[in-house]
Amino acid sequence: MPLLRDMTLGQYYPGNSFLHCLDPRSKLISIVTLMTCLFISMEVDVLIAGGSLLTLGIARSGLPAGAIFRNLRPFVWLFFITFLVHALTTPGQPLFDFGMPVTREGLVSGLGYSMRLSFLILVAALFTLTTPPIELTDALDKLFSPLKRLKVPVHELVLMASLSLRFLPILVNEAGRVKNAQLSRGATLDGRLLARVKAMVPMILPLFVSAIYRAEALALAMEARSYTGGKDRSSYRELTFGRNDFLALGCSFLFLVFAIISL
Amino acid sequence: MTGKGVQLTTFFVPKLKVERPRIPAMQIKIENLSFSYKSPWSAPKEVLTNVSLTIAAGEMLALVGPSGSGKTTLMQHLTGLLKPDTGRICVDGQDIWQGSSLNTLRRRIGLVFQFPETQLFGETVLEDVVFGPRNLGLAEGEVRERAELAMQQVDLDVAEVGERSPLHLSEGERRRVALAGVLSMQPECLALDEPTAGLDAAGTRIVLDVLRQQHRQGRTIILVSHDIALVSALLHRIVVLNDGRVHFDGKKEDLFKDQAHLAAAGIVPPKARRIACALKRMGLVATEELYSFAEIKNQLDRHRPIAE
Ligand SMILES: Nc1ncnc2c1ncn2[C@@H]1O[C@H](COP(=O)(O)OP(=O)(O)OP(=O)(O)O)[C@@H](O)[C@H]1O
Ligand SMILES: [Mg+2]
């Protein structure tokens, strides 16, 4: 499972850096703002500014570079294809010709899009690595709480999302165990793609089954501790806004303005 | 093989070769193996350090050691599920990472994982048990035969549980299904990681009986266990792993003689032996090398004063 092994999304890397200490709400808002900017604006300036902010974030996060950058690995093909499609299909000044002309504009825009994609993934990774799932849950819960007035089950939805995140590594682990068990009993997992896909089937099925059993056990355990939904639930940790939170929000707001102006 | 072929071979081959069960000739040699788990989160920490071990064909030995000492990690190296950082593992003189396929090796060494009941993947019990023999490419009749034999060995009734889902069995029953899944492949060597952990007395007995029987048939048995009393009652050679190093490798008698050694590895001698020591000091038995209450009783009976 190389893909799942490289995905550290959803895993928390403990620390007490600037990013770790931010209030999850301001962190979430800043990150969403940053992502939005990277999405809406095609300008090189915005890309550079976003890249610098990201670099700053990574540098101040206290995380080993490997932990962040390995998240890119599963997406290498995506970058490559994005790059290729842009390089081949953008009209402009032709540079080479492989049956289809590769244009200068195409290269630039392909590179831009690949970078934008990788920035988005890195931003997301940076967020999940520095935010424990429980803080993410709290932040989402608080930020969307106005929707509760409209009878949207915010708390339950957020809980579901955070549980799925929490279970991802467990499932990956389980997949590894079943794979080892099958290998040990003479299964061959290499060979052609089709054979490999076929060999996956008996593995995926028990994974689903065991996931369902796990979910059932979890529901039981929660009920046994008298868990009831969000209303009137207090939390152990109260979220507090600090100076750094205003700084982060200010920065991202400025960046948003900059991105909009440069449109 | 056709009927004719069998007759011919019986005719030409000396009698000796015909009736005996297949004699495994598998020697496993671990040489200076070191290994650490790689993780993006932290610097690699060595889990196994310079481990060397030779396991002769048909030998039965126990691997003990405190939790986290690397027993499971070492077992996973045996069948090439993990690759050593340095050092090598040779089976019959051939490095397992060079030349012949790991798949062949895995058919020869049956690995029973720690808590294997969490790794059942068949829809029914029978389907799980036949997974191995099917991979061996045997005829359907033989596959079925082996599966039934294996289930019988672990005291599971094919008619009763064969068609049930493994998920609806008790943990102890599932453990036995997992064991049957490996037994049905009839490997030359069995490597078992804590096969009796968490089992009741009857379940433990079943597993031990299987191990004894498999050993008698000539298979190599490598048994990982926390239960020093259990292994010392069962076999002679004990390897103690501590903090990823081979702390002791030899006869159990030598292990229990060396108190300093024992304390360092956190091993408490089995109750039976401690009682035997006390009895010997009282002059009631001749030796302290007694590893079960049955042996103590035997000795006491033998030494009981005739006057009584
Ligand atoms: N997948 C893994 N990734 C990283 N570290 C691991 C992994 N598996 C085990 N370890 C570490 O390796 C060391 C040895 O683990 P191992 O499972 O081999 O111990 P063990 O002797 O089998 O223990 P136990 O008796 O509890 O089963 C432990 O310190 C453990 O934390
Ligand atoms: Mg273990």
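Values reported hereafter were calculated over all heavy atoms of this structure, with side chains retained and with hydrogens, waters and symmetry mates removed. Within every chain, numbering begins at 1; the chains are lettered A, B, ... in the order of the sequence lines, protein sequences first and strands thereafter.
Enclosure of atom CD in Glu145(B) is not indicated, since only 12 or fewer non-hydrogen atoms of other residues, nucleotides or ligands lie within 6.0 angstrom. Enclosure of atom OH in Tyr113(A) is not indicated, since only 12 or fewer non-hydrogen atoms of other residues, nucleotides or ligands lie within 6.0 angstrom. Open room surrounds CG on Asn16(A); 12 or fewer heavy atoms of other groups in view lie less than 6.0 Å from it. Within a 6.0 Å radius of OH in Tyr213(A), more than 12 heavy atoms belonging to other residues, nucleotides or ligands are found. Within 6.0 Å of NZ in Lys29(B) there are 12 or fewer heavy atoms belonging to other residues, nucleotides or ligands. The environment of Glu123(B) atom CD is sparse: at most 12 non-hydrogen atoms of other residues, nucleotides or ligands sit within 6.0 angstrom.
Annotation: the span from Ser184(A) atom OG to Asn135(B) atom CG amounts to 11.5 Å, rounded to 0.5 Å. Atom CG of Leu183(A) is separated from atom CG of Leu111(B) by 11.0 Å, given to the nearest 0.5 angstrom. One distance of note links CD of Gln114(B) with CZ of Arg177(A); it measures 8.5 Å at 0.5 Å rounding. Between Lys179(A) atom NZ and Leu81(B) atom CG the span is 9.0 Å, to the nearest 0.5 Å. Between Arg107(B) atom CZ and Arg185(A) atom CZ the span is 13.0 Å, to the nearest 0.5 Å.
Residue Leu136(B) does not touch chain A at all, counting heavy-atom pairs closer than 4.5 Å. Proximity to chain A (any heavy atom under 4.5 Å) is restricted, for Phe113(B), to the side chain, taken from C-beta onward.
Heavy atoms only, all atoms of each residue included: Asn180(A) and Gln76(B) are closest at ND2-OE1, 4.1 Å.
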